[in-house]
Student: 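My questions will all concern the structure given below.
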There are 2 protein chains.
Amino acid sequence: MQVTIKDIAKVAGVSHTTVSRALRGHPSISAETTRHIQQLAEQMGYVPSAVAQSLHSRQTFTIGMVVTTIADPFLPQVVEGVEKVAQAAGYSVFLMSSHNDPEQELTVVETLQRRRVDAIIVTASRVGSLYGDQLERIQVPIVLINNQENGEFLHSIAVDDVQGARLATEHLIEVGHRRIGFVGLLTRPKSNVHRLLGYQAALEKAGIPQDPDLIFLPPPNDDFQCGELALSLHLKHQVTAVLCYNDITAIGLLTTCRRHQIAVPQDLSIVGFDDIEAAQYVSPPLTTIRQPRLRMGELAMRMILDLLNKKSVRDQLLPGELIVRESTLPIYPN
Amino acid sequence: MQVTIKDIAKVAGVSHTTVSRALRGHPSISAETTRHIQQLAEQMGYVPSAVAQSLHSRQTFTIGMVVTTIADPFLPQVVEGVEKVAQAAGYSVFLMSSHNDPEQELTVVETLQRRRVDAIIVTASRVGSLYGDQLERIQVPIVLINNQENGEFLHSIAVDDVQGARLATEHLIEVGHRRIGFVGLLTRPKSNVHRLLGYQAALEKAGIPQDPDLIFLPPPNDDFQCGELALSLHLKHQVTAVLCYNDITAIGLLTTCRRHQIAVPQDLSIVGFDDIEAAQYVSPPLTTIRQPRLRMGELAMRMILDLLNKKSVRDQLLPGELIVRESTLPIYPN
DNA sequence: ATTATCACCGCACACGTGTGTGTTCCCTCA
DNA sequence: TGAGGGAACACACACGTGTGCGGTGATAAT
């Protein structure tokens with residue numbers, strides 16, 4: 001059984017009110033009594049109940065972090081950033097997985113309501129169209145990270161997919177490629193379109209005619225398998241370089257290339273997106289667009305804190321960063 | 001402002017007691033009233049307060065999941081398993097990082113006490129010697145996953161490091177290797193020793209004399225860098241195969257080999273431990289010992305549930321599984 | 001000596017929910 | 001017709017903490 005302020009009060013021979021005030025340093029309690037009670041609390045191993053405090057103060061100092069699955073290699077760093085800032089500010093994080101299952105998503109939202117979280121962060125979900133109605137009912141701030149729907153009524157932090165994809169494509173053009181393929185993923189509708197737009201913008205700016213055959217949208221599938229299927233871009237359409245929707249897809253393509261004796265980057269250059277951990281470990285190490293995952297998590301939580309303090313915030317669109325490794329090579333090395 | 005049972009009571013013209021009972025289907029409330037109130041609750045968007053319920057019932061249906069950092073590639077799957085079982089059982093998970101910082105570890109433990117979590121799961125920490133005293137004070141069940149200290153008073157789930165390392169070493173011996181190196185990590189004292197024991201047991205069983213020079217314990221460092229440093233085993237001591245403490249270390253070694261034009265597996269065979277995601281993506285794909293991470297998380301949470309139900313539980317030592325990929329090769333291919 | 005001032009502390013209630021113990025009303029049966 | 005009983009609900013309190021307000025005693029001011 002846990003020690004309460006009443007227990008301390010009984011031992012100290014005062015009311016629980018006095019104990020409460022002494023522990024919080026209230027000025028109307030004499031210095032001596034305060035010291036005595038604090039010492040007593042220490043001795044008795046008193047730990048205040050956040051539950052009772054929450055009931056009274058109507059804040060829980062908890063936030064809900066909703067992910068599809070924490071096993072997605074993109075997410076751990078984001079969560080790390082969120083947790084870091086949250087902990088420093090005295091908040092704790094409920095981690096909840098939705099698994100892209102509509103029923104579980106509803107359960108998650110309902111659970112967060114029951115738990116009276118002070119705010120919610122949602123990553124890479126199709127929130128907005130699916131269970132946006134549910135979310136609007138909730139009275140707490142919500143921040144979306146890389147969401148796949150336009151929810152204007154909510155706050156968001158996202159990477160600039162257009163700029164990132166353009167940067168990657170420009171890199172390929174710069175080193176001499178002209179037949180450049182794009183591998184998209186239909187499971188991420190919004191950012192897929194944006195990355196495609198960035199790819200096209202770079203081509204257009206360079207005066208390279210667009211060829212619809214070079215845009216490959218595999219049927220919804222495992223990200224890795226989508227990359228494997230994309231080999232046809234090289235075999236059928238003779239592209240010399242490919243921009244993949246993300247690193248997993250790029251690694252899938254990379255793996256298939258090895259199996260088919262296609263040398264990367266000599267025969268085919270490959271660029272990914274995200275810069276997950278594994279990107280630097282594959283061989284050849286993957287050229288990619290880095291998303292500042294840790295910072296995105298930190299920013300999301302900072303935004304939450306601002307919202308809770310009634311400060312005004314504005315949505316953030318963060319630039320991607322080109323990380324040149326060894327999976328891309330000038331087509332005509334000089 | 002959230003709807004409470006009192007609000008419903010006012011609208012329905014009954015006491016809040018009746019509302020409470022109606023919503024829980026108490027038999028002493030008439031069927032008609034029950035139906036009416038439940039319908040009213042639905043309409044008014046009532047969501048019960050877990051905070052108030054916790055205060056009354058003295059259970060929070062939350063558990064604390066303590067990790068060093070969620071960015072460790074070993075952990076996401078474990079957390080996934082925990083969260084999955086927890087959610088199905090109506091529990092929510094607080095994710096807390098300790099960052100191997102003693103001060104933060106204390107903060108974390110104190111926070112979990114304040115939050116009145118029903119149980120705690122700790123992964124791969126030096127718990128027991130460091131802040132074990134703190135943990136013993138807590139009255140809730142604690143389960144450790146792959147802990148690095150012997151805390152006999154606590155419950156644990158761990159992979160069989162001895163068996164796993166023996167399995168890996170036997171594999172190398174079986175394909176013809178006799179000069180086999182071992183790369184350990186001093187940052188994980190307990191499992192490091194166990195894996196070393198497994199390695200030695202396999203050598204002994206095969207009648208291969210032990211050579212202290214082949215056991216390499218790099219100074220505490222980044223796991224990846226430890227792998228890089230281990231190249232000396234090959235350069236100085238002519239080993240033909242190396243068992244690395246974990247996959248990150250193995251990948252570090254792999255990367256350095258590529259840089260030094262050492263062909264893997266032709267010149268050097270490498271075995272890792274853990275089977276993290278990246279292991280299958282590197283080239284050559286890494287032969288390793290798989291830890292059933294998802295299942296370990298599930299088992300940990302199931303054990304928690306059993307403990308909360310006063311069932312007796314026993315510690316689990318799970319076998320590792322040899323995953324043969326392409327980083328190991330017979331020394332004399334036939 | 002009476003009142004004002006002040007330091008210090010306790011009473012009572014609130015937060016939202018759940019439960020033991022009444023309490024009321026109606027019906028039944030001797 | 002009165003007692004007994006049961007159905008249906010309300011009262012009051014508890015969980016642990018925090019706070020407005022009022023009270024007590026001592027000292028200072030008039």
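Keep in mind that the numbers below use all heavy atoms, side chains included, and drop hydrogens, waters and symmetry copies. Every chain is numbered from 1 and lettered A, B, ... according to where its sequence line falls, protein lines coming before strand lines.
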Student: Nearest of C:dG10, D:dT17, C:dG16 to any side-chain atom of A:Val14?
Tutor: C:dG10
Student: Roughly how far apart are A:Ser92 OG and B:Arg115 CZ, rounded to 0.5 Å?
Tutor: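 One finds 3.5 Å between OG of A:Ser92 and CZ of B:Arg115.
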Student: Is the phosphate of C:dC9 approached by A:Thr18 (side-chain N or O, under 4.0 Å from OP1 or OP2)?
Tutor: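 A:Thr18 to C:dC9 OP1/OP2: no side-chain N or O under 4.0 Å.
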Student: Whole-Å distance between D:dC9 P and B:Ile5 CD1?
Tutor: 15 Å
Student: Would you call A:Met65 and A:Thr123 a side-chain contact if the rule is heavy atoms closer than 4.5 Å?
Tutor: yes
Student: Describe the nucleic acid contact of A:Leu55 in one word from base, sugar-phosphate, nothing, applying a heavy-atom distance below 4.0 Å.
Tutor: base
Student: Identify, between A:Gly13 and B:Gln53, the residue whose nearest nucleotide on DNA chain C lies closer to the 5' end.
Tutor: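 It is A:Gly13, whose closest nucleotide lies nearer the 5' terminus.
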Student: Over all strands shown, is B:Val51 touching base, sugar-phosphate only, or nothing at heavy-atom distances under 4.0 angstrom?
Tutor: nothing
Student: Quick check on D:dA10: is either OP1 or OP2 less than 4.0 Å from any side-chain nitrogen or oxygen of B:Ser15?
Tutor: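 Answer is yes, contact under 4.0 Å.
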Student: Under 4.0 Å, heavy atoms only, any strand: does B:Arg24 hit a base, just the sugar-phosphate, or nothing?
Tutor: sugar-phosphate
Student: Could you tell me how far apart A:Asp7 (CG) and D:dC15 (C1') are, to the nearest whole angstrom?
Tutor: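 Value for this atom pair: 13 Å.
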Student: Could you go through A:Tyr46 and A:Leu23, starting from their C-alpha distance and side-chain angles, then the distance that decides it, and tell me whether this counts as side-chain contact (heavy atoms from CB on, under 4.5 Å)?
Tutor: CA-CA 11 Å; A:Tyr46 170 72; A:Leu23 293 178; 3.6 Å; yes
Student: Quick one: B:Gln59 CD to D:dG16 P, roughly how many Å, whole number?
Tutor: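 These atoms are roughly 14 Å apart.
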Student: Expressed in angstrom and rounded to an integer, what is the separation of A:Phe61 atom CZ from D:dT17 atom P?
Tutor: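 Going from A:Phe61 (CZ) to D:dT17 (P), I get 16 Å.
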Student: From B:Ile120 CD1 over to B:Gln113 CD, what is the distance, rounded to the nearest 0.5 angstrom?
Tutor: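 It comes to 7.5 Å.
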Student: Is A:Arg58 side chain donor-acceptor paired with the C:dG16 base, going by distance under 3.5 Å alone?
Tutor: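 Such a pair does not exist between side chain and base.
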Student: Can you tell me if the side-chain N/O atoms of A:Ser49 get under 4.0 Å from OP1 or OP2 in D:dG16?
Tutor: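 False: A:Ser49 side-chain N/O out of range (4.0 Å or more) of D:dG16 OP1/OP2.
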Student: Name the nucleic acid region contacted by A:Ser30, choosing base, sugar-phosphate or nothing; use a 4.0 angstrom heavy-atom cut-off, strictly under.
Tutor: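 Counting heavy atoms under 4.0 Å across all strands, the contact made by A:Ser30 is with sugar-phosphate only.
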Student: Could you give the NE2-to-C1' distance, from A:His26 to C:dG10, as a whole number of Å?
Tutor: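 Rounded to the whole Å, the gap is 13 Å.
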Student: As an exercise, state the distance from CD1 of A:Ile8 to NE2 of A:His16, rounded to the nearest 0.5 Å.
Tutor: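 Spacing of CD1 (A:Ile8) from NE2 (A:His16) equals 12.0 Å.
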Student: Are side-chain heavy atoms of B:Ile29 and B:Ile37 found at a separation under 4.5 Å?
Tutor: no
Student: Rounding to an integer number of Å, can you tell me how far B:Arg116 CZ sits from D:dT17 P?
Tutor: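 It works out to 7 Å between those atoms.
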Student: C:dC9, OP1 or OP2 - any side-chain N/O from A:Ser28 closer than 4.0 Å?
Tutor: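 No, because none of the side-chain N or O atoms of A:Ser28 sits under 4.0 Å from OP1 or OP2 of C:dC9.
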Student: Starting from P on C:dG18, measure out to CD1 on B:Ile8 and report it in whole angstrom.
Tutor: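 Distance, rounded to whole Å: 11 Å.
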Student: I'd like to know if B:Arg21 reaches the base of C:dG20 with its side chain, counting only an N/O donor and acceptor under 3.5 Å.
Tutor: yes
Student: Which part of the nucleic acid does B:Thr33 contact within heavy-atom distance under 4.0 Å: base, sugar-phosphate only, or nothing?
Tutor: sugar-phosphate
Student: Just the atom pairs and distances: protein N or O near nucleotides 12-14 of chain D's N or O, under 3.5 Å.
Tutor:
{"unit_1": "D:dA12", "atom_1": "N6", "unit_2": "B:Thr17", "atom_2": "OG1", "d": "3.4"}

Student: Taking the side chain as every heavy atom from C-beta outward, state whether A:Gln87 and A:Met301 have any pair of such atoms under 4.5 Å apart.
Tutor: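 Sidechains of A:Met301 and A:Gln87: no contact.
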Student: With a non-hydrogen cut-off below 4.0 angstrom, is A:Ser57 in contact with a base, only sugar-phosphate, or nothing?
Tutor: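 Answer is nothing: A:Ser57 stays at 4.0 Å or more from every strand.
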Student: Taking the side chain as everything from C-beta on, heavy atoms only, tell me whether A:Arg21 gets closer than 4.5 Å to A:Ser28.
Tutor: yes
Student: Rounded to the nearest Å, what distance is computed from the CD1 atom of residue B:Ile29 to the C1' atom of nucleotide C:dT17?
Tutor: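 Answer to the nearest Å: 15 Å.
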